[in-house]
Number of protein chains: 4
Amino acid sequence: MPNMPSRRQRRFAKRQGEILDVAARIFAEKGYGDTKVTEIAAALDIADGTLYNYFDSKRDILLAIMDKTRSDIEPMLQEIGELETRDDLVAVLARTYDVFMAQLPFTRTMLMEAWADDTILQAYAVVCLEHIRQRMHEFIVSRVDTGDFRPIDPSPTTQMVLGMFFAPVVPILRGITPPLSPEQCRALAEAAVDLLLDGIRVRPERGAE
Amino acid sequence: MPNMPSRRQRRFAKRQGEILDVAARIFAEKGYGDTKVTEIAAALDIADGTLYNYFDSKRDILLAIMDKTRSDIEPMLQEIGELETRDDLVAVLARTYDVFMAQLPFTRTMLMEAWADDTILQAYAVVCLEHIRQRMHEFIVSRVDTGDFRPIDPSPTTQMVLGMFFAPVVPILRGITPPLSPEQCRALAEAAVDLLLDGIRVRPERGAE
Amino acid sequence: MPNMPSRRQRRFAKRQGEILDVAARIFAEKGYGDTKVTEIAAALDIADGTLYNYFDSKRDILLAIMDKTRSDIEPMLQEIGELETRDDLVAVLARTYDVFMAQLPFTRTMLMEAWADDTILQAYAVVCLEHIRQRMHEFIVSRVDTGDFRPIDPSPTTQMVLGMFFAPVVPILRGITPPLSPEQCRALAEAAVDLLLDGIRVRPERGAE
Amino acid sequence: MPNMPSRRQRRFAKRQGEILDVAARIFAEKGYGDTKVTEIAAALDIADGTLYNYFDSKRDILLAIMDKTRSDIEPMLQEIGELETRDDLVAVLARTYDVFMAQLPFTRTMLMEAWADDTILQAYAVVCLEHIRQRMHEFIVSRVDTGDFRPIDPSPTTQMVLGMFFAPVVPILRGITPPLSPEQCRALAEAAVDLLLDGIRVRPERGAE
DNA sequence: TATGAATGAGAGTTCATTCAT
DNA sequence: AATGAATGAACTCTCATTCAT
């Protein structure tokens with residue numbers, strides 16, 4: 001019976017996924033430290049001990065959530081092509097917002113723990129963010145070289161740009177404001193990119209200040 | 001003996017301050033939840049019980065740290081005058097960075113807990129951030145009205161501006177990059193304000209700055 | 001499997017009962033305050049934490065003991081019928097002594113804590129004692145009205161009668177003298193009722209009894 | 001200076017007495033276990049450590065209260081002369097009530113702890129009560145011998161008589177009813193003695209029941 | 001003698017984890 | 001595979017007692 005183990009494995013993986021979904025939701029609501037294993041089991045309507053057939057420890061569940069988030073997000077990041085025009089930037093950013101909206105519980109959990117735990121920060125948050133950071137950094141450096149961008153210092157600017165891009169989703173992560181629809185994601189991306197490119201100030205005909 | 005009680009009070013307040021400094025540092029390093037009362041006491045080289053002569057509970061220490069941060073920061077916020085010119089913005093932002101640098105352990109602890117604990121978020125973080133947010137929002141709205149700023153949507157823009165301004169200090173809060181000197185604070189403030197006002201793009205028509 | 005939950009519930013209730021029995025015995029021996037949770041657990045040969053699967057707190061165990069005592073005693077109190085003749089009084093009092101003998105550890109614990117804790121006093125001791133008090137009070141008042149009893153002041157007399165009835169069990173509660181057999185209960189009840197009705201003095205005029 | 005030590009001793013004894021008065025009052029209000037040393041010191045307006053110049057431990061204070069109660073009560077007990085007539089009994093009982101009223105905090109503390117602590121019970125409560133018990137027992141035995149009292153069993157009867165006599169002061173000890181005036185003490189003593197001697201029942205002309 | 005800050009053993013309680021069923 | 005009662009180390013907090021001033 002060559003597919004018996006396979007079926008078992010599929011069942012096993014499916015159960016693991018269910019546990020991660022529920023755990024991520026509860027972690028996101030109450031925080032990792034304030035979530036009891038019993039609560040996760042109760043939400044899944046299984047016994048406490050059963051969880052330990054699927055994960056070695058509570059922390060293991062957290063790390064699996066991180067892994068899942070990362071592997072869901074990474075492919076998307078790989079797809080980022082050349083950033084040439086304003087519309088390239090808008091498209092990538094809108095897409096990133098979409099992914100965030102789809103991954104809210106995972107993301108929130110990741111950020112909450114990453115803030116306090118360097119292991120997680122390094123292993124997961126950095127992986128995602130660093131990739132974005134580097135692409136943005138390269139992009140800025142190259143445009144400064146071509147003269148399209150002003151000769152700013154690329155490193156702090158990159159950091160500021162990331163802050164600018166992600167600040168609007170912070171209240172959503174915190175549950176203060178509702179998630180964004182795809183249309184809202186696109187509009188927000190446009191506003192952010194325009195702010196980045198042209199600033200907030202109306203250009204005088206001649207740049208005297 | 002008119003100053004006997006006063007001396008006692010001073011000793012008491014001094015001790016409280018020492019405890020807060022040490023506790024804030026450890027909280028900032030390990031997080032509130034992962035810090036044991038015994039560790040704080042050991043770092044101070046006092047008995048566990050001695051802590052309870054100065055604070056009612058571990059949580060009380062955290063709240064006292066919040067209070068201290070808030071009362072250190074609030075007067076500075078009150079001093080923010082009219083934001084009229086680019087230099088006003090730069091001055092205020094540079095000043096804010098200075099305060100952050102002086103309050104690193106306190107601030108880091110506050111943010112870490114605020115992320116997970118709405119009580120603290122509302123009572124402390126919001127107090128500080130909301131004030132800044134409102135000033136920035138008013139400023140943007142008025143400049144849009146006068147036609148100095150483009151007719152952007154003020155609310156998400158405010159959020160993005162705050163993200164842009166605070167993103168550079170995040171790695172410092174996390175202890176990843178070293179604190180900034182006052183000169184660096186000023187330089188960073190200038191870069192941030194210029195990015196906000198004019199964006200990153202060289203002006204196509206007559207790009208001389 | 002319709003009785004699976006039932007079996008579990010029975011096990012749970014049985015365990016709770018075992019814990020209450022042991023705890024009541026130790027409380028009765030050493031007092032509530034001087035009994036450590038660890039001691040109760042050790043006497044039951046279980047871990048400290050296991051106790052908390054059955055009761056929320058040490059105090060909860062105490063209150064459960066009170067509840068059990070009360071619900072064991074109350075039905076008996078409800079059965080008290082009309083008190084008409086000497087034999088009615090004797091029967092009720094003998095019955096009451098029997099119940100006390102059966103509930104020694106519970107009763108001793110209840111009295112010990114009730115003396116120091118008004119909450120327990122009101123919620124448990126008063127419930128039992130007050131019922132008896134009122135029946136006795138009514139009985140005395142009605143007999144005074146009919147002229148069967150001398151025109152004494154019913155309230156302090158009721159108090160004295162209760163003292164008279166319960167004083168003999170105090171040394172037993174304290175563990176100084178051994179519990180009474182049912183026969184001894186009856187004999188004591190007769191002696192007490194006769195003392196109440198006729199006093200200790202031989203009748204001067206025509207002393208035949 | 002031969003009387004310097006004496007003056008010091010007097011001061012010392014006076015201080016001790018003040019401490020005992022205050023401690024007894026607080027013990028009576030809250031119970032020994034629930035009273036903190038700090039509370040006693042605060043009520044006396046002295047430092048915690050100062051208490052330890054006068055007593056070796058908190059428990060020592062309790063024992064000293066017991067001692068004081070006993071030595072205040074014992075002389076009174078020694079004075080009890082022959083119990084011959086009804087009026088002898090009334091006088092002694094009224095006197096005993098008076099002493100109880102004067103010693104309320106001490107007495108309440110003693111009883112509260114004696115109930116839970118055999119050391120105290122044996123050393124103090126028994127000393128007082130046992131003396132009364134023996135006098136009462138002798139009295140009853142002798143009167144039974146002379147034929148003045150019915151041929152009852154003296155031991156349980158003594159116990160019941162003591163219960164009858166002391167039951168009225170229990171609510172006062174508990175603070176439920178206010179202390180008695182000397183007149184009330186006398187009236188209660190008369191009622192108690194009459195109940196003891198003649199019972200509650202009206203004597204029929206001829207003792208048929 | 002008086003002080004009161006410092007002490008630290010020990011209390012009740014929690015909860016991630018185990019394992020016999 | 002599933003169960004959930006049992007576990008016990010580890011936590012925060014209390015307070016009688018001490019001792020340098």
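Note on naming: letters A, B, ... go to the chains in the order of the sequence lines (proteins, then strands), and numbering restarts at 1 for each one.
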Selected nucleotide, minimal atom distance to C:V37 side chain, candidates F:dT3, E:dT13, E:dT1: E:dT13
Pairwise 5' ranking along DNA chain E for D:G49 and C:K36, keeping only the more 5' one: D:G49
B:K58 side chain, from C-beta outward: closest of F:dC13, F:dA16, F:dC11: F:dC13
Touch class at under 4.0 angstrom, heavy-atom based, for B:I46 against every strand present: sugar-phosphate
Sugar-phosphate only, base, or nothing, as touched by A:Y54 at under 4.0 Å among non-hydrogen atoms: sugar-phosphate
Pairing of A:E29 and A:R108 as salt bridge, 4.0 angstrom limit: no
A:K58 NZ/CZ over A:Y32 ring centroid, <6.0 Å and within 45° of normal: yes
G-U wobble or Watson-Crick pairing nucleotide for E:dT21 (cut-off 3.5 Å, both distances): F:dA2
Closest to side chain of A:Y52, choosing from F:dG4, E:dT3, E:dT17: E:dT17
Distance-only donor-acceptor test (3.5 Å): side chain B:N53, base E:dA6: yes
Sugar-phosphate only, base, or nothing, as touched by D:F55 at under 4.0 Å among non-hydrogen atoms: nothing
Sugar-phosphate, base or nothing in reach of A:R15, heavy atoms under 4.0 Å: sugar-phosphate
